[in-house]
Amino acid sequence: MATTKGNCFLCGKTLGKTAIKNHIVKEHSAGDEPCWLVKAEGVYDRNMWLLFSVSKDASLLAVDKFLRQIWCECCGHMSAFSLGGNEFGKARKLTEFAIGNSLLYEYDFGSTTEIALTFVDEIKRPKQKEKVRLVARNEPPVQTCDKCDSPAAQIDAWEQVFLCDNCVKDVEDEAALLPLVNSPRRGECGYTGEQDKWTFDPSKIKK
Ligand SMILES: [Zn+2]
Ligand SMILES: [Zn+2]
Ligand SMILES: [Zn+2]
């Protein structure tokens, strides 16, 4: 499967993962605040990806908060950042990293979600209150039902199968069902994506 395309949240363009990174560096780097442009990808599903800017003055704590909200949070599990097996404290300042650095982010040490973070470039943005700003995100991948060929809408988390709204009626225990959300954590623990407020909406783009 080809990797999913994504949307630029700043101008609405739809591009591939690498093209959109180049697009952001070229078209959306202006303002007073120096930031990292960071790429996040699901380690086991690279079709799940984000690009976000984060103030260089911030610490890993701000990145943790953002990743929990958009992709991870279900029941307040532990999380950690590491590089080559060495863990970083969340107070670690982002000024200590460099372009090309890659970190592993892990959320929940039971049914773990692993996310690869890469500091891809430096950009500027207008000053804002939030430390992190989402700039691009993959389009929700189209998934077909494992029982028939209709578009899937839910996951049977126990069987780890995708199901459409019709085939879910055959599932005996409804507690197994989780929504098919746009996150590498879908289908894990009780993850429903309820804190994810970043659905792409072209009508909300300020031109
Ligand atoms: Zn754009
Ligand atoms: Zn959980
Ligand atoms: Zn079906």
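First listed ligand is number 1; within each ligand, the first listed atom is number 1. Index from 1, following the sequence.
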Is it true that [X] and [Y] have ring centroids separated by less than 6.0 Å?
| X | Y | result |
| --- | --- | --- |
| Trp71 | Tyr105 | no |
| Phe88 | Phe81 | no |
| Tyr107 | His77 | yes |

Using a strict 4.0 Å threshold on nitrogen-to-oxygen distance, state whether [X] and [Y] make a salt bridge.
| X | Y | result |
| --- | --- | --- |
| Arg185 | Asp108 | yes |
| Lys17 | Glu41 | yes |
| Glu139 | Lys5 | no |
| Asp156 | Lys147 | no |
| Glu27 | Lys13 | no |

Result, protein N, O or S atoms below 2.8 Å from the Zn ion (ligand 2), excl. waters, equals 4
Carefully, step by step, assess Trp198 and Phe52 under the rule ring pair (Phe, Tyr, Trp, His ring centres under 6.0 Å). CA-CA 12 Å; Trp198 292 272; Phe52 60 88; over 10 Å; no
Evaluate the side-chain proximity of Leu178 to Arg186: yes if any heavy-atom separation is below 4.5 Å, no if none is. no
Heavy-atom side-chain contact between Arg68 and Ser79 under 4.5 Å: yes
So does Ala98 get a backbone contact from the side chain of Asn101, meaning a donor-acceptor N/O pair under 3.5 Å? yes
Taken by chain and residue number, the protein N/O/S atoms under 2.8 Å from the Zn ion (ligand 1) read Cys8 SG, Cys11 SG, His23 NE2, His28 NE2
Could you please give the number of protein N/O/S atoms within less than 2.8 Å of the Zn ion (ligand 3)? 4
Linking Ile, Leu, Val, Met, Phe, Trp and Tyr by side-chain heavy atoms under 4.5 Å, what else ends up with Tyr44? Val43, Leu104
